[in-house]
Amino acid sequence: KTAKKRMATSEQGQYVTLVSSDGFEFVLSRKCAMEAGTIKSMLSGPGQFLENEKNEIVFREIPARILERICAYIYYKNRYTNAAAEIPEFQIDPAVSLELLMAASFLEI
């Protein structure tokens with residue numbers, strides 16, 4: 001590999017794209033995305049998962065409005081875990097709370 005190709009591969013590996021059931025794409029840092037057990041299994045589990053090669057995971061059952069809140073929570077959790085300062089409340093719209101809970105359970109967050 002040339003230096004340019006190695007750098008592109010390294011940079012690409014730092015991010016993961018999560019695709020919702022309605023086709024919206026959310027780009028997260030790989031480090032943050034690995035906080036979700038299901039995503040971690042897909043990206044680093046035994047065997048060769050296509051998701052690991054492409055750095056992209058398609059969730060056929062999770063719509064964008066839910067996946068967006070999941071992504072926001074992953075960053076919220078990453079930012080405030082072990083924080084010394086007061087932790088602000090993570091706002092959840094009651095209208096989507098059940099759907100959000102089911103998605104969070106599936107993703108092992």
Side-chain angles (χ1 to χ4, degrees):
K1 289 184 178 181
T2 66
K4 188 174 183 179
K5 283 185 182 178
R6 275 194 306 258
M7 190 170 100
T9 303
S10 173
E11 287 176 4
Q12 181 183 24
Q14 291 179 10
Y15 298 95
V16 176
T17 302
L18 306 182
V19 183
S20 68
S21 61
D22 41 356
F24 288 88
E25 296 182 354
F26 300 90
V27 179
L28 279 75
S29 77
R30 188 179 185 96
K31 178 183 174 237
C32 286
M34 298 287 263
E35 295 289 326
T38 301
I39 294 173
K40 183 176 184 175
S41 295
M42 291 174 152
L43 295 177
S44 63
Q48 293 293 342
F49 282 97
L50 183 60
E51 292 88 355
N52 191 25
E53 289 180 22
K54 293 176 63 181
N55 285 315
E56 179 179 286
I57 302 173
V58 178
F59 294 105
R60 295 185 197 128
E61 302 294 323
I62 304 176
R65 70 183 190 287
I66 300 300
L67 192 55
E68 179 180 29
R69 294 305 295 157
I70 293 287
C71 293
Y73 180 75
I74 288 172
Y75 275 104
Y76 169 88
K77 182 179 176 187
N78 183 269
R79 179 175 180 185
Y80 292 109
T81 297
N82 300 324
E86 186 176 333
I87 300 172
E89 184 177 336
F90 185 79
Q91 298 294 319
I92 297 174
D93 179 2
V96 298
S97 60
L98 180 60
E99 211 172 348
L100 191 58
L101 179 63
M102 290 176 13
S105 176
F106 168 73
L107 294 171
E108 299 175 19
I109 297 177

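These values consider heavy atoms only, across backbone and side chains, with no hydrogens, waters or symmetry-generated copies.
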Can you list everything that forms a side-chain contact (heavy atoms from CB on, under 4.5 Å) with S21? Sequence neighbours excluded, please. P63
Could you list all the salt bridge (charged side-chain N to carboxylate O under 4.0 Å, His left out) pairs where at least one residue sits in residues 72-83, not counting sequence neighbours? none
Which atom of Y75 lies closest to which atom of S29, heavy atoms considered: OH-N, 2.7 Å
By side-chain contact (heavy atoms from CB on, under 4.5 Å) - contacts of A103 (at least two apart): I62, I66, I70
Hydrophobic cluster of L101, others only, ordered by chain and residue number, side-chain cut-off 4.5 Å: none
Distance, nearest 0.5 Å, that separates CG of N55 from CG of L43: 6.5 Å
Using side chain to side chain contact (heavy atoms under 4.5 Å, CB included) as the criterion, point out the one residue from I57, V27, L107, V58 that pairs with L18. I57
So, using ring pair (Phe, Tyr, Trp, His ring centres under 6.0 Å) as the criterion, who are the partners of Y73 when residues are at least two apart? Y76, F90
Quick check: do R30 and Q14 have side-chain heavy atoms less than 4.5 Å from each other? no
Measure from the side-chain N and O atoms of S97 to the backbone N and O of P94, and report whether any donor-acceptor pair falls under 3.5 Å. yes
NZ-CD distance between K40 and E108, expressed to the nearest 0.5 angstrom: 10.5 Å
How far apart are the closest heavy atoms of S20 and F26, and which atoms are they? CB-CE1, 4.4 Å
Main chain of Q91, side chain of R69: is a donor-acceptor contact present, judged purely on distance under 3.5 Å? yes
Output yes when a side-chain donor or acceptor of T38 lies under 3.5 Å from a complementary backbone atom of F106, and no otherwise. yes
Name all residues meeting the salt bridge (Lys or Arg N to Asp or Glu O under 4.0 Å) criterion together with R65; count only those two or more places apart in sequence or in a different chain, and write none if there are none. E99
Only pairs at least two apart or in different chains count here, so list each salt bridge (charged side-chain N to carboxylate O under 4.0 Å, His left out) that has a residue in residues 81-96. none
Are M102 and I92 joined in one hydrophobic group, where the rule is that I, L, V, M, F, W and Y side chains link up if heavy atoms are under 4.5 Å apart? no
Which atom pair, heavy atoms only, marks the closest approach of C32 to N78? SG-CG, 3.5 Å
Over all atoms of both residues, closest heavy-atom pair of A36 and I109: CB-CG1, 3.8 Å
Within the 4.5 Å heavy-atom criterion, are L67 and F59 side-chain neighbours or not? yes
